[in-house]
Amino acid sequence: MAIKPLELLQVLISRTEFTDEDKKILQQNADWGSSIAAEMSDTFYNYLDRDPEMAAVIAKHNRQRLGQTFAEWFREMFTGMDNWGPQYADRRWKIGLVHVRVGIGPQHVVPAMATVVREVSRRLVKEGKPEELRVSLGKVCMIDLSFIEQAYLEVAYNAVQQETGMSEALFKRLIATGASSLASS
């Protein structure tokens, strides 16, 4: 499957209709995003601490460093690092691979991202920020979430391919067949 992060980012930008106007709105609000990044990190990790599986994963790592990394990621959603180019794409891909490596499954990632979206939305309303900012943030959150989700598929395919020599076409066919059989059971 050989994901090319920049190509994936470009596809996701198109699919989410993440426009130049969205980028401009986020960049114009980068100082605000930076000002709430630490609080958002605390909210995020407080949420994760309530889940025993996630609390166990977090306990294996430096909590302070995780908080700093989250705040950095949060700020980057506003700046785009390099205007949502190759650097942004590579960083998001690496974040996805880290989630897979440490065992954070999609069943944790999606609700956690929903928590980010919900809390940011709450702050936007509380502080009278424009609806356009909420929409733009929602789009970039979904782009970032898609990177993490795609990492799971890529890692699974690579592992199966290395162990069996299975082609990508056969892998995709097996996934489709498996999905069909689960849907009919």
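Note that the structure is a prediction, hence the values are computed from the model and not measured.
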> What ring pair (Phe, Tyr, Trp, His ring centres under 6.0 Å) pairs are there with at least one residue in residues 35-65, not counting sequence neighbours?
Replying inline: F44-F70

> Under a 4.5 Å cut-off applied to non-hydrogen side-chain atoms, are E39 and R123 in contact?
Replying inline: yes

> Taking C-beta and beyond as the side chain, do F74 and I36 meet within less than 4.5 Å on heavy atoms?
Replying inline: yes

> Say you draw a straight line from CG of L9 to CH2 of W84; how long is it, rounded to the nearest 0.5 Å?
Replying inline: 10.0 Å

>> Is it the case that atom CD in Q107 sees more than 12 heavy atoms from other parts of the structure closer than 6.0 Å?
In response: yes

> Are any side-chain N or O atoms of N62 and backbone N or O atoms of Q64, one a donor and one an acceptor, separated by less than 3.5 Å?
Replying inline: yes

>> If the condition is side chain to side chain contact (heavy atoms under 4.5 Å, CB included), which residues does A30 pass it with, not counting sequence neighbours?
In response: F78, T79

> Given the rule that I, L, V, M, F, W and Y join up when any side-chain heavy atoms are under 4.5 Å apart, are Y157 and L170 in one cluster?
Replying inline: yes

> From E132 CD over to N29 CG, what is the distance, rounded to the nearest 0.5 angstrom?
Replying inline: 10.5 Å

> Roughly how far, to the nearest 0.5 Å, is CG of L66 from CD1 of I58?
Replying inline: 7.0 Å

> Is the shortest heavy-atom distance from the side chain of R134 to the side chain of V125 under 4.5 Å?
Replying inline: no

> Can you list every pair that meets ring pair (Phe, Tyr, Trp, His ring centres under 6.0 Å) and has a residue in residues 121-142, with sequence neighbours left out?
Replying inline: none

> Run the salt bridge (charged side-chain N to carboxylate O under 4.0 Å, His left out) check on R122 and E119 step by step: do they pass?
Replying inline: CA-CA 5 Å; R122 186 185 63 74; E119 288 303 312; 2.9 Å; yes

>> Check whether T115 reaches the backbone of P111 with its side chain - one donor and one acceptor, N or O, closer than 3.5 Å.
In response: yes

>> Is there a side chain to side chain contact (heavy atoms under 4.5 Å, CB included) between W93 and I148? Walk through the geometry before answering.
In response: CA-CA 7 Å; W93 185 244; I148 296 169; over 6 Å; no

> Measuring from Q161:CD to S167:OG, what's the distance to the nearest 0.5 Å?
Replying inline: 8.5 Å

>> Between D22 (side chain only) and T19 (backbone N and O only), is there a donor and an acceptor less than 3.5 Å apart?
In response: yes

> Minimum heavy-atom separation for D144 to M113, with atom names?
Replying inline: CB-CE, 4.2 Å

>> Using side-chain heavy atoms (C-beta onward) and a distance below 4.5 Å, is K23 in contact with N83?
In response: yes

>> Ignoring hydrogens, what is the shortest heavy-atom contact between T16 and I13? Give both atom names and the distance.
In response: OG1-O, 3.4 Å

> Step by step, would you call D49 with R63 a side chain to side chain contact (heavy atoms under 4.5 Å, CB included)?
Replying inline: CA-CA 11 Å; D49 283 340; R63 175 68 178 264; 2.8 Å; yes

> Between atom NZ of K126 and atom CG of L124, what is the distance when rounded to the nearest 0.5 Å?
Replying inline: 12.0 Å

> What are the two closest non-hydrogen atoms of V102 and V57, and how far apart are they?
Replying inline: O-CG1, 4.1 Å

> How would you list, by chain and number, every residue that makes a salt bridge (charged side-chain N to carboxylate O under 4.0 Å, His left out) with R118, sequence neighbours excluded?
Replying inline: none

> Can you tell me how far NZ of K4 sits from CG of D90, rounded to the nearest 0.5 angstrom?
Replying inline: 13.0 Å

> Please walk me through it: do L153 and Q150 pass side chain to side chain contact (heavy atoms under 4.5 Å, CB included)?
Replying inline: CA-CA 5 Å; L153 183 58; Q150 190 63 43; 3.7 Å; yes

> Mind checking whether E149 and P106 have side chains closer than 4.5 Å, heavy atoms only?
Replying inline: yes

> Can you list every side-chain hydrogen bond (donor to acceptor under 3.5 Å, both in side chains) pair that touches residues 50-60, not counting sequence neighbours?
Replying inline: E53-H108

>> K129: which residues meet the salt bridge (charged side-chain N to carboxylate O under 4.0 Å, His left out) condition with it, sequence neighbours left out?
In response: none

> Within the distance-only criterion (no hydrogens, no angle test), does the side chain of S35 pair as donor or acceptor with the backbone N or O of W32 below 3.5 angstrom?
Replying inline: yes

> C141 and V116: which non-hydrogen atoms are nearest, and at how many Å?
Replying inline: SG-CG1, 4.3 Å

> What is the minimum heavy-atom distance between R91 and W73, and which atoms define it?
Replying inline: NH2-N, 4.2 Å

> Side chains of R173 and M166: closer than 4.5 Å at any heavy-atom pair?
Replying inline: no

>> If we ignore hydrogens and angles and just use 3.5 Å, is the side chain of D82 paired with the main-chain N or O of Q87 as donor and acceptor?
In response: yes

> If we only count heavy atoms from C-beta on, is the V117 to M142 side-chain gap below 4.5 Å?
Replying inline: yes

> Would you say T164's side chain and V160's backbone share a donor-acceptor pair under 3.5 angstrom?
Replying inline: yes

> So which heavy atom on A38 is nearest to which on A71, and how close?
Replying inline: N-CB, 4.4 Å

>> Please evaluate residues K139 and E17 with respect to the criterion salt bridge (charged side-chain N to carboxylate O under 4.0 Å, His left out), reporting the C-alpha separation (whole Å), side-chain torsions for both, the decisive distance (0.1 Å), and the verdict.
In response: CA-CA 8 Å; K139 290 177 185 181; E17 300 178 358; 5.5 Å; no

>> Please determine whether residues V110 and L137 belong to a single hydrophobic cluster, defined as Ile, Leu, Val, Met, Phe, Trp and Tyr linked transitively by side-chain heavy-atom distances below 4.5 Å.
In response: yes

